[in-house]
Engineer: 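Below is one structure. I have some questions about it.
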Amino acid sequence: MAKLIDGKQISANVKEQVRIETEQLKEKHGIQPALAVVIVGNDPASRVYVNNKKKACELVGFKSFEYALPEDTTQEELLELVHTLNEDKNVNGILVQLPVPKQIDDKAIIQAISPEKDVDAFHAENVGQIMIGDYKFLPCTPAGVMELIDSTGVEISGKKCVVIGRSNIVGKPMAMLLLHRSGTVTICHSRTVDLPSITREADILVAAVGKANFVTGDMVKEGAVVIDVGMNRLENGKLCGDVNFAEVEPKASYITPVPGGVGPMTIAMLMKNTLTATKLQNHITD
Ligand code: NAP
């Protein structure tokens with residue numbers, strides 16, 4: 001039986017640390033971090049994410065500004081808002097909730113965000129910094145996964161790590177962070193041949209596929225650490241990961257549940273990045 005990795009508790013610890021540091025920042029320097037959250041359109045999932053991010057800001061003592069734009073917003077209009085927020089000294093972090101409606105090129109928007117305020121760490125400059133291992137911000141979901149793995153006490157160095165998924169926001173940076181910690185990393189994707197033979201080798205398996213119950217028991221090595229990034233909505237409205245929990249849990253040594261695993265960590269790491277951004281912008285090193 002696997003031990004559950006409690007993302008709720010671990011994320012609460014991260015947020016508490018951010019809250020304490022934020023209080024100190026206010027007391028010592030009179031500075032309160034501020035996050036601008038931009039949402040375009042009426043996607044219900046995006047609305048939930050944005051509300052959760054605003055709630056987390058409140059919890060840790062940040063200001064948050066929401067910009068809710070209509071579905072038919074043009075790329076130029078969104079770019080104009082991003083430029084305004086880049087210039088606004090009262091804003092330390094900018095987050096544009098993805099996906100944006102199809103008339104808007106999300107790459108252009110990400111590139112328009114000032115790298116110092118790019119608390120999602122999606123801008124090419126920040127991605128490049130991650131590649132060379134000299135970064136200010138880490139992308140929130142992979143950084144959260146690293147915290148979860150570290151909470152188990154399992155050493156990453158020298159371990160076989162398999163990441164299923166190669167997206168720019170999860171799979172690729174995830175692999176890079178595991179590599180920085182000296183894991184031997186394999187990235188799998190939809191063209192991978194005989195995926196189970198590769199995943200069965202993994203000491204640490206990270207699933208970021210976006211398909212409910214995709215990772216089955218026969219794909220997992222006995223004693224593996226299994227991290228489920230997937231967030232899939234079933235027809236009955238229930239949230240479900242990429243890992244078939246019932247089959248995999250008896251084989252794994254540690255496993256994350258969905259919900260209550262990676263999801264809460266992503267928001268906690270966003271808070272951490274916003275605090276880091278605020279300190280960097282104000283040249284505060286303590
Ligand atoms: P994505 O951009 O759709 O990427 C999915 C990846 O899975 C792609 O690289 C794809 O390969 C690969 N894939 C698809 N079918 C496969 C197959 N049959 N075998 C092997 N690989 C396959 O998704 P994403 O943005 O990375 O997100 C992945 C999941 O994580 C989603 O469920 C998402 O909701 C969730 N997520 C959760 C959080 C959180 O906070 N918990 C944050 C972000 C994302 P190709 O590249 O070849 O197409």
Side-chain angles (χ1 to χ4, degrees), residues 5-8 10-12 14-15 37 43-53 55-56 95-100 106-107 110 119-122 127 130 137-149 161-178 185-202 205-216 218-220 226-235 237-245 255-273:
I5 305 177
D6 187 350
K8 264 193 187 162
I10 298 162
S11 68
V14 172
K15 281 187 281 190
V37 183
D43 179 47
S46 291
R47 174 40 68 195
V48 172
Y49 297 143
V50 164
N51 288 349
N52 288 343
K53 286 166 187 174
K55 261 192 237 159
L95 181 144
V96 178
Q97 185 64 48
L98 300 178
V100 284
D106 55 4
K107 288 195 194 78
I110 289 166
V119 285
D120 263 334
F122 291 165
V127 174
I130 292 159
F137 310 118
L138 290 176
C140 301
T141 301
V145 170
M146 296 305 281
E147 294 271 341
L148 294 178
I149 297 172
C161 306
V162 173
V163 180
I164 319 176
R166 57 173 163 180
S167 70
N168 288 331
I169 63 169
V170 189
K172 280 186 209 163
M174 186 70 249
M176 201 49 61
L177 299 193
L178 291 164
V185 184
T186 305
I187 307 176
C188 300
H189 45 77
S190 65
R191 304 292 178 91
T192 297
V193 175
D194 195 5
L195 178 69
S197 73
I198 299 168
T199 57
R200 271 197 294 271
E201 293 269 295
L205 178 62
V206 181
V209 189
K211 291 186 174 162
N213 297 317
F214 180 81
V215 177
T216 46
D218 60 315
M219 294 169 73
V220 176
V226 180
I227 307 286
D228 190 350
V229 181
M231 289 212 293
N232 310 294
R233 199 56 76 179
L234 299 177
E235 271 178 20
K238 270 184 80 177
L239 201 60
C240 171
D242 289 345
V243 175
N244 183 324
F245 190 88
I255 189 166
T256 57
V258 176
V262 176
M265 289 309 291
T266 299
I267 295 187
M269 301 319 278
L270 176 69
M271 298 299 110
K272 198 170 167 178
N273 279 350

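Whatever order the structure lists them in is the order used to number ligands and atoms, beginning at 1.
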Engineer: Can an N or O of T266 be found at a distance shorter than 3.5 Å from an N or O of ligand 1?
Structural biologist: yes

Engineer: Quick one: pull up CG in L148 and OG in S11 and give me the separation to the nearest 0.5 Å.
Structural biologist: 8.5 Å

Engineer: Please list the nearest protein heavy atom to atom 46 (O) of ligand 1 with its residue and the distance rounded to 0.1 Å.
Structural biologist: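 I find the closest protein heavy atom is R166 NE, 2.7 Å.
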
Engineer: Just jot down the ligand 1 atoms closer than 4.0 angstrom to any heavy atom of V170, in number order.
Structural biologist: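 Taking each heavy atom of V170 in turn, ligand 1 has 26 (O), 43 (C), 44 (C) under 4.0 Å.
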
Engineer: Using a 4.0 Å heavy-atom cut-off, which part of K211 comes near ligand 1: side chain, backbone, both, or neither?
Structural biologist: side chain

Engineer: Please check if the side chain of T199 supplies one atom and the backbone of M219 the other of a donor-acceptor pair under 3.5 Å.
Structural biologist: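 Such a contact is found between T199 side chain and M219 backbone.
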
Engineer: Would V229 count as a contact residue for ligand 1, given that I'm defining contact as a non-hydrogen atom of the residue lying under 4.0 Å from a ligand atom?
Structural biologist: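 Yes; V229 lies near enough to ligand 1 that a heavy-atom distance drops under 4.0 Å.
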
Engineer: Do any heavy atoms of C188 fall under 4.0 Å from ligand 1?
Structural biologist: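 Contact absent.
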
Engineer: Nearest heavy atom to atom 32 (O) of ligand 1 wins, so pick from M231, M269, H189, K172.
Structural biologist: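 The option holding the nearest heavy atom is M231.
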
Engineer: About how many Å separate CD1 of I227 and CD1 of I164, when rounded to the nearest 0.5 Å?
Structural biologist: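 So the CD1 of I164 and the CD1 of I227 are separated by 12.5 Å.
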
Engineer: Name the one of K55, K53, K272 that satisfies side-chain contact (heavy atoms from CB on, under 4.5 Å) with I267?
Structural biologist: K53

Engineer: Identify, by atom number and element, the atoms of ligand 1 in contact range of F214, meaning under 4.0 Å from any of its heavy atoms.
Structural biologist: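 Listed by number with element, the hits are 17 (C), 18 (N), 19 (N).
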
Engineer: Please state which option from S167, A207, C140 has its nearest heavy atom closest to atom 1 (P) of ligand 1.
Structural biologist: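 Among S167, A207, C140, the closest heavy atom to atom 1 (P) of ligand 1 comes from S167.
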
Engineer: To the nearest 0.5 Å, how far apart are CG in N244 and OG1 in T216?
Structural biologist: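 So the gap between those two atoms works out to 7.0 Å.
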
Engineer: Heavy atoms only: which of G241, G165, A45, S190 lies closest to atom 48 (O) of ligand 1?
Structural biologist: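 The nearest heavy atom belongs to S190.
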
Engineer: Taking only heavy atoms of G210 into account, list the atoms of ligand 1 that are under 4.0 Å away from them.
Structural biologist: 28 (C), 29 (C), 31 (C), 32 (O)

Engineer: Taking atom 16 (C) of ligand 1 as the point of reference, which of V145, I198, V209 owns the nearest heavy atom?
Structural biologist: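 Nearest option to atom 16 (C) of ligand 1, by heavy atoms: V209.
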
Engineer: Please report which non-hydrogen protein atom sits nearest to atom 42 (C) of ligand 1, along with the residue it belongs to and the distance in Å to one decimal place.
Structural biologist: T141 OG1, 3.2 Å

Engineer: Can any side-chain N or O of D228 pair as donor or acceptor with the backbone N or O of P257 at less than 3.5 Å?
Structural biologist: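 Judged by distance alone, no pair lies under 3.5 Å.
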
Engineer: If you measure from each non-hydrogen atom of N232 to ligand 1, which part falls under 4.0 Å: side chain, backbone, both or neither?
Structural biologist: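 Within the 4.0 Å criterion, N232 contacts ligand 1 through side-chain atoms alone.
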
Engineer: So if I count the atoms of ligand 1 from 1 in the order they appear, which ones are less than 4.0 Å from some heavy atom of I169?
Structural biologist: 25 (O)

Engineer: State the OG1-CG distance between T266 and N52, to the nearest 0.5 angstrom.
Structural biologist: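 If I round to the nearest 0.5 Å, the distance is 11.0 Å.
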
Engineer: Roughly how far apart are D106 CG and Q97 CD, rounded to 0.5 Å?
Structural biologist: 12.0 Å

Engineer: Report yes or no: does G263 have a heavy atom closer than 4.0 Å to ligand 1?
Structural biologist: yes

Engineer: Is there side-chain contact between V14 and M265, with heavy atoms separated by less than 4.5 Å?
Structural biologist: yes

Engineer: How close do V119 and N273 get, heavy atom to heavy atom, and via which atoms?
Structural biologist: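 Looking at all heavy atoms of both residues, the closest pair is O-ND2, 2.8 Å.
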
